[in-house]
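Notes for the one structure printed next.
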Protein chains: 2
Amino acid sequence: MEWKINDNSPIFLQLEEQLLTAVVSGYFPPGSRLPSVRELAAEAGVNPNTMQRAFAGLEGRGVILTNRTAGRSVTEDMEIIRAIRREKAREEARAFLKRMQGLGYSPEEVRQVLSETEAEEEEVWKKDLQS
Amino acid sequence: MEWKINDNSPIFLQLEEQLLTAVVSGYFPPGSRLPSVRELAAEAGVNPNTMQRAFAGLEGRGVILTNRTAGRSVTEDMEIIRAIRREKAREEARAFLKRMQGLGYSPEEVRQVLSETEAEEEEVWKKDLQS
DNA sequence: TCAACTGTATTATTGACTTAATACAAGTAT
DNA sequence: ATACTTGTATTAAGTCAATAATACAGTTGA
């Protein structure tokens, strides 16, 4: 997968975020086996310890199952995945609205800015969805 | 003003962000004098050096004028302020759409989640706008 | 069976952010 | 005029993320 890392926040948090997104978006299908820590670390260009820490942060959510010495896999429970997808979407929406509110935007203005921006990105979006 | 600081990103970046928002939203009116670095630092509960660094990052944008030994003030040029407000809103919108796209949401689904979330936060929003 | 790979753990080192404690030159206010 | 406040700079110390280099026990595959 493609990793995007900037230095405005701890790398392990960004990895955690992107791993969860990868599962929830179906990039890593339910039940599938995940690449090893070392492999993912090499792919992302980070130290294995850092990737390891990202997984440690992902524990307890139930999305990913760890088999001590036989790698990791994505849960087959679609219910869990769907729930987290919805939860993350809500978080994003709430954070976005809060920021726009902080800038002094009314709900109507938000809708307008959003549809303008959406129009700009439209081609890319459509292409990504069908792939 | 109210400061909200978490440890997921460098404090000076968060201060920078919030200062810009405060100006752009009109909390610090155009032409008004800003509190001193020391005062703002105390208010935010951070070291003066950290607040100083936040201002350093804000230089060159033209929003804030520094008068070497007589404090800082907000520009009176509303055009600059409006431009930055728009720019920041666009950035937020673009980032939001990208994240939602990453979760596998279609533009229609995004609109739906957004209006649901908006409904939840509505009372708070209205109250804040009129104050 | 045995080499290769898995997750996991440990130790040391580097670098960035943050705090703390000052210091100084220049403008402000009483 | 003089004390106070301003932005700015410097030095030292502490914290923590990240890298690097290993190591080990258990599973997988040829």
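Here is the naming used below: chain letters follow the sequence lines, and residue numbers restart at 1 for every chain.
At dT6(D), one or more side-chain N or O atoms of Ser36(B) fall inside 4.0 Å of OP1 or OP2 (strictly under the cut-off).
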Reading 5' to 3' through nucleotides 9-16 of chain D, protein heavy-atom contacts under 4.0 Å coded B for base, S for sugar-phosphate only, - for none: BB------
Protein-to-nucleotide contact annotation, 5' to 3' order, nucleotides 23-30 of chain D [B base; S sugar-phosphate only; - none; under 4.0 Å, heavy atom]: B--BS---
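Considering every non-hydrogen atom in both Gly104(A) and Glu109(A), the closest pair reads O-OE1, 3.8 Å. Pro48(A) and Val37(A) get closest at one heavy-atom pair: O-CG1, 3.6 Å. When all heavy atoms of Leu19(B) and Ala54(B) are compared, the closest pair comes out as CD1-CB, 4.3 Å. Between Val74(A) and Pro30(A), the shortest heavy-atom contact is CG1-CA, 3.8 Å. Summarising the geometry of Pro29(A) relative to Ser32(A), their closest heavy-atom pair is O-OG, 2.6 Å, with the distance given to 0.1 Å.
Atoms CG and CE, on Leu40(B) and Met1(B) in that order, are 8.0 Å from each other to the nearest 0.5 Å.
Between the side chains of Gln18(A) and Trp3(A), no donor-acceptor pair of N or O atoms lies under 3.5 Å. Counted by atom type alone, Arg72(B) and Thr66(B) present one or more donor-acceptor pairs between their side chains at under 3.5 Å.
In this structure, CG of Asn47(A) is placed 13 Å from P of dT22(D), rounded to the nearest angstrom. Between the CG atom of Leu15(B) and the C1' atom of dT19(C) there is a distance of 14 Å, rounded to whole Å. One atom, CZ of Arg72(A), and another, C1' of dC5(C), lie 14 Å apart when rounded to the nearest Å. Between the CD1 atom of Ile64(A) and the C1' atom of dT8(C) there is a distance of 16 Å, rounded to whole Å. Atom CG in Leu65(A) sits roughly 16 Å away from atom C1' in dT6(C) (whole-Å rounding). A straight line from CG of Asn6(A) to P of dA18(D) spans 11 Å, rounded to a whole angstrom. The CE-P distance, from Met51(A) to dT8(C), rounds to 14 Å in whole Å. In this structure, the CG atom of Leu34(B) is 18 Å from the P atom of dT5(D), given to the nearest Å.
Where Glu39(A) and Asp7(A) meet DNA chain C, the nucleotide closest to each residue was compared, and Glu39(A) sits on the side nearer the 5' end.
Within 4.0 Å (heavy atoms only), Phe12(A) reaches sugar-phosphate atoms of the nucleic acid but no base atom.
Relative to the side chain of Thr50(B), the nucleotides dA17(D), dT8(D), dT19(C) differ in distance, and dT19(C) lies closest.
Taking a cutoff of 4.0 Å between a charged side-chain nitrogen and a carboxylate oxygen, Glu16(A) and Arg53(A) do not qualify as a salt bridge.
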